**Student:** 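So that we are looking at the same thing, I have put the structure below in structure tokens.
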There are 2 protein chains.
Amino acid sequence: MFVSTHETSLDSKGRVSVPASFRHALGGGQRVFLWPASDGSPCLEGGGEALMKFYQQTLARMSPNDPARRAFMHAIFTRSADLKMDDNGRVSIPKSLLEAAGIERELVFAGALDRFHVWSPERFAAFDSTMSAQLHSSQGALEAPFQAALAAGALAGLATPEGDK
Amino acid sequence: MFVSTHETSLDSKGRVSVPASFRHALGGGQRVFLWPASDGSPCLEGGGEALMKFYQQTLARMSPNDPARRAFMHAIFTRSADLKMDDNGRVSIPKSLLEAAGIERELVFAGALDRFHVWSPERFAAFDSTMSAQLHSSQGALEAPFQAALAAGALAGLATPEGDK
DNA sequence: GTATTTTCCATGGGATAGCATGGGATTAAA
DNA sequence: TTTAATCCCATGCTATCCCATGGAAAATAC
């Protein structure tokens with residue numbers, strides 16, 4: 001899964017190394033999809049073939065006449081770039097996407113479980129502090145899902161993973 | 001599959017290069033079909049032999065007396081142009097279709113999974129912002145298919161593509 | 001614990017093939 | 001004969017492929 005953040009930069013040819021841990025999360029495939037984040041965040045969103053397959057299935061479930069289907073299709077498939085990593089795990093991101101995310105030379109890869117995001121460092125820093133503020137102000141709201149998960153036994157055995165030999 | 005968007009233009013002879021990634025999506029065939037978008041969008045819609053074969057099967061499933069069959073037949077087969085790419089992957093789009101889509105010289109190829117659309121740049125920009133607006137206002141509506149897909153286990157293993165080693 | 005080796009990763013850059021584009025030549029239609 | 005469509009070749013550009021380098025982390029040996 002896509003975890004952690006990595007700060008890197010574009011080289012003179014406009015290429016960038018996809019962080020190794022993200023490459024592993026991509027499952028060995030060479031294809032990377034990138035599009036402007038669909039939740040409106042001023043960054044790019046990306047994933048591999050597994051994520052795209054999931055989106056494809058989601059589309060297949062929607063009625064062909066559903067107006068939301070067209071919007072969804074457009075947001076993900078029409079606006080995305082289909083990138084191929086070279087043997088060293090680098091991709092070159094189209095100019096239009098770089099502009100949309102406000103990226104000049106430096107950029108941040110941010111893991112998000114089943115996908116990742118690509119930010120300009122400045123925007124990421126701003127987003128980061130917004131998120132911490134929101135987290136602190138909503139501890140109460142977070143309690144509910146945690147408690148529900150606990151009640152469901154989701155954490156069973158988690159406290160003693162394998163360390164006690 | 002047809003992904004991403006490409007902006008190009010007609011040359012002095014009225015030809016246009018089909019984007020390379022679309023040619024690959026066409027599966028190596030030389031034939032391209034184009035017709036006015038059947039959902040009423042002010043653009044052209046196109047695909048390859050695979051898509052036409054699918055439509056053919058759809059027609060075969062409909063009752064010969066079904067009035068929708070006639071409309072469907074007309075929309076796709078009667079109104080479509082059967083274009084042949086030259087060795088460099090170019091086609092020339094009939095004037096009537098260009099007029100219908102409001103295309104002068106510049107145009108946009110937009111991928112839509114199993115087909116693609118051809119827009120005038122102005123109309124595409126307008127459509128693009130309409131779609132983003134709609135996406136943001138219908139996040140709730142999108143929840144439904146997502147939840148359905150999740151319930152069906154579409155995400156099983158997605159967050160852990162190659163296993164957590 | 002320290003030193004040495006091995007592996008993996010990020011980065012730079014040269015060579016090459018594929019792509020978009022322009023235009024001449026040939027063939028077919030009016 | 002004129003007009004237009006098709007075929008074919010030429011060109012610059014860009015993306016891709018490939019190899020090389022330096023360094024960090026991990027594994028092994030001392």
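Lettering of chains follows the sequences in order, A, B, ..., and the numbering in each one begins at 1. Given the structure is predicted, the values throughout are model-derived calculations rather than measurements.
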**Student:** Considering every strand and a 4.0 Å limit on heavy-atom distances, what is the contact class for A:Lys13: base, sugar-phosphate, or nothing?
**Tutor:**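 It contacts base atoms.
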
**Student:** Passes side chain to side chain contact (heavy atoms under 4.5 Å, CB included), B:His117 versus A:Thr78? Steps please.
**Tutor:** CA-CA 9 Å; B:His117 295 111; A:Thr78 301; over 6 Å; no

**Student:** What is the distance from CG of A:Asp11 to P of D:dT16, rounded to the nearest Å?
**Tutor:** 13 Å

**Student:** From B:Met131 CE over to B:Phe124 CZ, what is the distance, rounded to the nearest 0.5 angstrom?
**Tutor:** 10.5 Å

**Student:** Choosing from D:dC8, C:dA20, C:dG13, which nucleotide comes nearest the side chain of B:Asp86?
**Tutor:**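 Between D:dC8, C:dA20, C:dG13, the one nearest the side chain of B:Asp86 would be D:dC8.
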
**Student:** Hey, does B:Val91 reach any base, or is it just sugar-phosphate, or nothing, if we go heavy atoms under 4.0 Å?
**Tutor:**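 Answer is nothing: B:Val91 stays at 4.0 Å or more from every strand.
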
**Student:** Considering every strand and a 4.0 Å limit on heavy-atom distances, what is the contact class for B:Asn88: base, sugar-phosphate, or nothing?
**Tutor:** base

**Student:** Write down the distance between NZ (A:Lys95) and P (D:dT14), rounded to a whole number of angstrom.
**Tutor:**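 The distance from NZ of A:Lys95 to P of D:dT14 comes to 8 Å, rounded to the nearest Å.
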
**Student:** Roughly how many Å is it from CD in B:Gln30 to P in D:dC7, rounded to a whole number?
**Tutor:**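 It is 9 Å, rounded to the nearest whole Å.
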
**Student:** Please check this pair: side chain of B:Arg70 against backbone of B:Pro64, looking for a donor-acceptor N/O pair closer than 3.5 Å.
**Tutor:**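 No.
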
**Student:** Check the phosphate of D:dC17 against A:Lys84, side-chain N and O only, distance under 4.0 Å to OP1 or OP2. Yes or no?
**Tutor:**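 True: A:Lys84 side-chain N/O within range (under 4.0 Å) of D:dC17 OP1/OP2.
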
**Student:** In this structure, is the centre-to-centre distance between the rings of A:Tyr55 and A:Phe77 below 6.0 Å?
**Tutor:**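 Judged by ring-centre distance (under 6.0 Å), A:Phe77 and A:Tyr55 do not meet the cut-off.
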
**Student:** Figure out the CZ/P separation between A:Phe22 and C:dC9, and round it to whole Å.
**Tutor:**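 Value for this atom pair: 14 Å.
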
**Student:** Just wondering, do A:Phe116 and A:Val18 contact through their side chains at under 4.5 Å, heavy atoms?
**Tutor:**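 The answer is no, as the side chains (C-beta and beyond) never meet within the 4.5 Å cut-off.
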
**Student:** Could you tell me the separation between the CE atom of B:Met85 and the P atom of D:dT6, rounded to a whole number of Å?
**Tutor:**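 So the CE-P distance, B:Met85 to D:dT6, works out to 14 Å.
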
**Student:** Compare side-chain N and O positions of A:His24 against OP1 and OP2 of C:dC8 and report whether any pair is under 4.0 Å apart.
**Tutor:**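 Answer no for this pair, as no side-chain N or O of A:His24 is under 4.0 Å from OP1 or OP2.
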
**Student:** Within the 4.0 Å heavy-atom criterion, would you say B:His6 contacts the bases, only the backbone, or no part of the nucleic acid?
**Tutor:**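 Touches nothing.
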
**Student:** Looking only at the side chain of A:Asp87 (C-beta and beyond, no hydrogens), which of the listed nucleotides D:dT6, C:dC19, D:dC18 gets closest?
**Tutor:** D:dC18

**Student:** To the nearest angstrom, how far is B:Arg90 atom CZ from C:dG18 atom P?
**Tutor:** 18 Å

**Student:** Separation of B:Leu83 atom CG from D:dC7 atom C1', in whole Å?
**Tutor:**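 After rounding, the gap between these two atoms is 17 Å.
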
**Student:** Of the listed nucleotides (D:dC8, C:dA10, C:dA20), which one gets closest to any side-chain atom of B:Ser17?
**Tutor:** C:dA20

**Student:** Check every atom of D:dC18, C:dA20, D:dT6 against the side chain of A:Arg15 and return the nucleotide holding the closest atom.
**Tutor:**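 Shortest atom-to-atom distance from the side chain points to D:dC18.
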
